[in-house]
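Values below: every heavy atom of this structure, side chains too, minus hydrogens, waters and symmetry copies. All figures in this text were calculated on a predicted structure; none of them were measured in a lab. Sequential numbering from 1 along the given sequence is applied to the chain's residues.
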Amino acid sequence: MKLQSTREQVYETALRMVADGIAHGAQGNISALDAETGLIAITPSAIPYLKMKVEDIVLVDRQGNVVDGKWRPTSEIACHLVFYQRRADVGAVVHSHAPYSTLFGLKDTPLPMILTEAATCLGGSVPVAPYRRPGTPELAQVVYESTGSGVSVIMARHGLLTVGANLAEAYDSTMAVETTARLVWMAKAMGMYPQPMEEDEVADVRRIYLEKYHPTRNQ
């Protein structure tokens, strides 16, 4: 099977979304870029994750043409391709229907950074892309534009999309947004209005994380 390891990573991330409660059935979609071949492993359309197998993951090129696989790729493929086509730093895309993040997609104000843990992954507040119909080029365009050079965007009335150099990074950002959204909602339910972190501090925390947070052998 072509690119078995990449397909396995996409499949395992799909199962993780179900286990973490941010998707059920066939909700959301996931993809990962194989840098060597330039091919993209992406979840198929309308197959529930718990019934999916590794071989069901589809391989496409950067234009969305199916290279290997028996199913159609996700109907949201345009939201994936636009990042692979325009941003060299993106190697994975995760779209979920994470419930608290989706809740914040009912308003048009960015989700603030209130946690250092989220700041390390995200580097700034999470924008809300204006509503466009799912599965359309128009949605892909506003998602891309709203994300800018960042790694996360909430889609109005739809869900959450995050990107990263790899699936681990993209998924960490997914959970960082969802955790932040949940805690902001809980705080407001308690009559608290948490103050966002200073933008300079968020940027510094993100920079330090990128530069220094990696395994280092103890000499």
Margin query: Nearest 0.5 Å, please: how far is CE in M113 from CD in Q195?
Written below: 14.5 Å
Margin query: Closer than 3.5 angstrom, by distance alone: can the side chain of R62 be matched with the main-chain N or O of Y84 as a donor-acceptor pair?
Written below: yes
Notebook entry, point to check: Would you call E12 and R16 a salt bridge, using N to O less than 4.0 angstrom?
Noted result: no
Checklist line | R87, CZ: over 12 other non-hydrogen atoms inside 6.0 angstrom | finding: yes
Item checked: Heavy-atom side-chain proximity of L50 to L15 below 4.5 angstrom -> yes
Margin query: Could you check whether any side-chain N or O of E76 sits under 3.5 Å from a backbone N or O of N29, counting only pairs where one atom can act as donor and the other as acceptor?
Written below: no
Note to self: To the nearest 0.5 Å, what is the distance between OG1 on T147 and CZ on R86?
What the structure shows: 11.5 Å
Note to self: For a quick test of reading the model, state the closest non-hydrogen atom pair linking T162 to A170 and the distance between them.
What the structure shows: OG1-O, 2.7 Å
Next item on the list: State plainly whether one hydrophobic cluster holds both Y11 and I40, where clusters connect Ile, Leu, Val, Met, Phe, Trp and Tyr through side-chain heavy atoms under 4.5 angstrom apart.
Entry: yes
Margin query: Tell me which one of P196, S125, S146 satisfies side-chain contact (heavy atoms from CB on, under 4.5 Å) with P110.
Written below: S125
Check: Are the side chain of T136 and the backbone of L139 linked by a donor-acceptor contact shorter than 3.5 Å?
Finding: yes
Note to self: Please enumerate all residues that pass side chain to side chain contact (heavy atoms under 4.5 Å, CB included) together with A156, with sequence neighbours excluded.
What the structure shows: V128, Y131
Check: From Y171 OH over to Q9 CD, what is the distance, rounded to the nearest 0.5 angstrom?
Finding: 14.5 Å
Check: Can V94 and L167 be said to form a side chain to side chain contact (heavy atoms under 4.5 Å, CB included), step by step?
Finding: CA-CA 8 Å; V94 175; L167 272 174; 3.9 Å; yes
Check: Side chains of L39 and L3: does their closest heavy-atom pair fall under 4.5 Å?
Finding: yes
Note to self: So V143 and F83, do their side chains get closer than 4.5 Å, heavy atoms only?
What the structure shows: yes
Next item on the list: Identify whether the distance between the nearest side-chain nitrogen and carboxylate oxygen of R207 and D204 falls below 4.0 Å.
Entry: yes
Check: Any chance CG of D108 has more than 12 other-residue heavy atoms, nucleotides or ligands included, within less than 6.0 Å?
Finding: no
Next item on the list: Output the distance between atom OG1 (T116) and atom CD1 (I208), rounded to the nearest 0.5 Å.
Entry: 11.0 Å
Margin query: I'd like to know if R7 pairs up with D68 as an ion pair, taking the criterion as any Lys NZ or Arg NE/NH1/NH2 lying under 4.0 Å from an Asp or Glu carboxylate oxygen.
Written below: yes
Next item on the list: Inspect the surroundings of CD in Q85 and state if more than 12 heavy atoms from other residues, nucleotides or ligands are less than 6.0 Å away.
Entry: yes
Notebook entry, point to check: Of the non-hydrogen atoms in S101 and A181, which two are nearest, and what is the gap between them?
Noted result: N-CB, 3.7 Å
Check: Heavy-atom count around N65 CG within 6.0 Å, excluding the residue itself: above 12?
Finding: yes
Margin query: Counting C-beta onward and ignoring hydrogens, is there a side-chain heavy-atom pair between E178 and P99 closer than 4.5 Å?
Written below: yes
Item checked: Side chain to side chain, Q63 and L81, heavy atoms closer than 4.5 Å -> no
Checklist line | Separation of I30 CD1 from T174 OG1 (nearest 0.5 Å) | finding: 8.5 Å
Checklist line | Side chains of V10 and I42 in contact at under 4.5 Å (non-hydrogen atoms) | finding: no
Next item on the list: Taking all non-hydrogen atoms of both residues into account, name the closest pair between G159 and T102 and its distance.
Entry: CA-OG1, 3.5 Å
Next item on the list: Treat each ILVMFWY residue as a node, draw an edge where side-chain heavy atoms are under 4.5 Å apart, and state whether M192 and L103 are in one component.
Entry: no
Margin query: By the definition side chain to side chain donor-acceptor pair (under 3.5 Å), identify the one residue from Q27, H158, H80 that meets it with H95.
Written below: H158
Next item on the list: Say whether I114 and M190 are linked into one hydrophobic cluster, either directly or through other cluster members, by side-chain heavy-atom distances under 4.5 angstrom.
Entry: no
Checklist line | Any residue meeting side chain to side chain contact (heavy atoms under 4.5 Å, CB included) with K51, in chain and number order, not counting sequence neighbours | finding: P48
Checklist line | Side-chain donor/acceptor of D20 to backbone N/O of I22, under 3.5 Å | finding: no
Checklist line | Heavy-atom pair of closest approach, residues G123 and V202 | finding: C-CG1, 3.4 Å
Notebook entry, point to check: Checking side chain to side chain contact (heavy atoms under 4.5 Å, CB included) for the pair L111/V184: CA distance, chi angles, key distance, verdict?
Noted result: CA-CA 9 Å; L111 179 69; V184 170; 4.3 Å; yes
Check: Does T120 offer a backbone N or O that forms a donor-acceptor pair with the side chain of R206 under 3.5 Å?
Finding: yes
Notebook entry, point to check: When you look at CZ of R133, are more than 12 heavy atoms from neighbouring residues, nucleotides or ligands closer to it than 6.0 Å?
Noted result: no
Notebook entry, point to check: V151 pairs by side-chain contact (heavy atoms from CB on, under 4.5 Å) with which of D89, V126, L122, V177?
Noted result: L122
Notebook entry, point to check: Among the clusters formed by ILVMFWY side chains lying less than 4.5 Å apart, do Y193 and L106 turn up in the same one?
Noted result: no
Checklist line | Interatomic distance, D56 atom CG to K70 atom NZ [nearest 0.5 angstrom] | finding: 5.5 Å
Checklist line | Check against side chain to side chain contact (heavy atoms under 4.5 Å, CB included), T43 and S31 | finding: CA-CA 7 Å; T43 47; S31 69; over 6 Å; no
Note to self: Using modelled atom types and a 3.5 Å cut-off, is there a donor and acceptor pairing between side-chain atoms of Q141 and backbone atoms of P137?
What the structure shows: no
Checklist line | Donor-acceptor under 3.5 Å (E138 side chain, R132 main chain) | finding: no
Check: Does some side-chain heavy atom of K2 sit less than 4.5 Å from a side-chain heavy atom of V67?
Finding: yes
Next item on the list: Dump the intermediate steps for side chain to side chain contact (heavy atoms under 4.5 Å, CB included) on V66 and V58, then the final yes or no.
Entry: CA-CA 7 Å; V66 174; V58 186; 3.9 Å; yes
Next item on the list: Please name the pair of heavy atoms, one in W185 and one in F104, separated by the smallest distance, quoted to 0.1 Å.
Entry: N-CZ, 4.1 Å
Notebook entry, point to check: Going only through I, L, V, M, F, W and Y residues with side-chain contacts under 4.5 Å, is there a path from M17 to I47?
Noted result: yes
Notebook entry, point to check: V90 and L33: which non-hydrogen atoms are nearest, and at how many Å?
Noted result: O-CD2, 4.0 Å
Item checked: Side chain to side chain, H24 and Y49, heavy atoms closer than 4.5 Å -> no
